[in-house]
Amino acid sequence: MIIIAIILDIFIILFSLKYAWWYPNLNKNKTRIMMYHMVSDQLDGKKKSGLRVSPEMFEKHLKYFSDNGWKFIKMSELKDYANVPKVVAITFDDGYLDNYTHAMPLLKKYNACATLYLVIDRHNNDWSVKKNPKHNSGVLAEEKKLSDSNIQEMLDSGLFELGGHTITHPYLPNTSLKDKEFEMLECKKILEETFNTKVESFAYPFGIYNKEDVDIIRNSSYDSAVTTREGTSDLKSKYELKRIKASGKDNFFAFKLRVQKGFRGFI
Ligand SMILES: [Zn+2]
């Protein structure tokens, strides 16, 4: 009997560390900036990737927000919704083709919208090796990316707006100040000229940045920048905005915890 009770206790403790259901909720007036990469099924025979949220799960997320009265906004609207309850900004990083094939129809179905942080040199570019030279699976380079005509259609639909995510997706700690400025500022110009649109927000590649990088953005014509740090932020931190991770490894319960608490758990 005692052994069963002990095993049960251990289970409850582990469960409560993995899923922080007991942790206080975030203020509902703080906009949830959701971070997605791909909307696609996991690859057969490959390790599960947090970057791939299945189309079925992505639809469940959108349905959850829609059914519970959340307002979808693009990042350029962030300042108009400060202190408004239940506001969510869907964001996608990098520019994967499935954002067009899988995500766009679902955004349309749920009357939602999104901001796409697009890498300019995204084709045949495995930027993951820049962060970790040991990482050379080639999966990222092989993954199909959006064409310019896909992107134009996404913008014309009104469902998407663009944000900057550099030209080559460099690892900023290894990049000179001059190159950083070029990567971060020139990508905005290229996007605005190529797609005849306004680009107001930026995403730090890999979410890795320092004060120098924040200063480049602050002194530019970008109006906001997002990180990969988990949680929500005030507009006074608008150049280092936290996001809520949507992970392909999560079940729906974990997704709801992340939306409510800003993170899933401690282990
Ligand atoms: Zn990225």
Side-chain angles (χ1 to χ4, degrees), residues 33-40 43 47-53 58 74-75 89-100 102-103 114-148 150-151 154 160-175 179-188 190-191 194-195 199-210 212-214 216-217 220 222 224-231 233 239-249:
I33 305 173
M34 300 297 301
M35 176 177 68
Y36 293 87
H37 288 80
M38 298 172 220
V39 176
S40 83
L43 298 178
K47 219 174 112 205
K48 218 173 185 187
S49 164
L51 300 184
R52 294 178 191 276
V53 173
F58 183 61
K74 296 169 185 161
M75 286 302 293
I90 307 271
T91 70
F92 291 98
D93 284 13
D94 303 335
Y96 300 99
L97 180 61
D98 57 52
N99 297 177
Y100 171 83
H102 294 150
T115 301
L116 168 62
Y117 292 106
L118 185 67
V119 178
I120 306 281
D121 291 345
R122 56 196 174 276
H123 302 287
N124 299 311
N125 177 0
D126 189 346
W127 47 78
S128 65
V129 295
K130 295 176 187 170
K131 185 180 161 202
N132 180 357
K134 282 193 211 130
H135 193 282
N136 192 10
S137 68
V139 172
L140 186 65
E142 278 168 30
E143 188 66 38
K144 289 208 168 52
K145 314 295 194 314
L146 293 160
S147 69
D148 283 4
N150 294 144
I151 293 156
M154 291 159 83
F160 282 88
E161 72 175 19
L162 289 182
H165 197 36
T166 71
I167 296 176
T168 66
H169 209 292
Y171 182 59
L172 294 177
N174 288 350
T175 310
D179 288 347
K180 278 185 196 182
E181 285 177 331
F182 185 76
E183 286 272 359
M184 295 161 91
L185 306 179
E186 191 66 16
C187 76
K188 182 176 193 287
I190 295 172
L191 291 177
T194 307
F195 300 105
V199 171
E200 296 182 31
S201 188
F202 178 80
Y204 301 100
F206 307 109
I208 296 170
Y209 65 97
N210 61 21
E212 191 175 78
D213 309 322
V214 176
I216 294 171
I217 297 297
S220 74
Y222 283 114
S224 70
V226 294
T227 69
T228 57
R229 286 193 297 137
E230 293 187 89
S233 310
Y239 300 116
E240 293 178 73
L241 294 167
K242 293 178 186 172
R243 289 190 283 182
I244 291 172
K245 185 156 85 179
S247 171
K249 295 177 182 171

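Each ligand, and each atom within it, is numbered from 1 in the order the structure gives. From a predicted model like this one, the values you see are computed outputs, not experimental measurements.
- The Zn ion (ligand 1) does not have D93 among its coordinating residues (no N/O/S atom, backbone or side chain, under 2.8 Å).
- The Zn ion (ligand 1) does not have H37 among its coordinating residues (no N/O/S atom, backbone or side chain, under 2.8 Å).
- Salt-bridge annotation for D93 and R243: present, with a side-chain N of the basic residue lying under 4.0 Å from a carboxylate O of the acidic one.
- When the Zn ion (ligand 1) is compared with the N/O/S atoms of H169, atom NE2 turns out nearest.
- Here the angle at the Zn ion (ligand 1) defined by NE2 in H165 and OD1 in D94 stands at 90°, rounded to 10 degrees.
- Below 30°, between 30° and 60°, or above 60°: for F58 and Y36 the angle between ring planes is above 60°, a perpendicular geometry.
- Comment: E200 does not engage K74 in a salt bridge, judged by the lack of any side-chain N to carboxylate O separation of less than 4.0 angstrom.
- Between the side chains of S201 and Y117, at least one donor-acceptor pair of N or O atoms lies under 3.5 Å.
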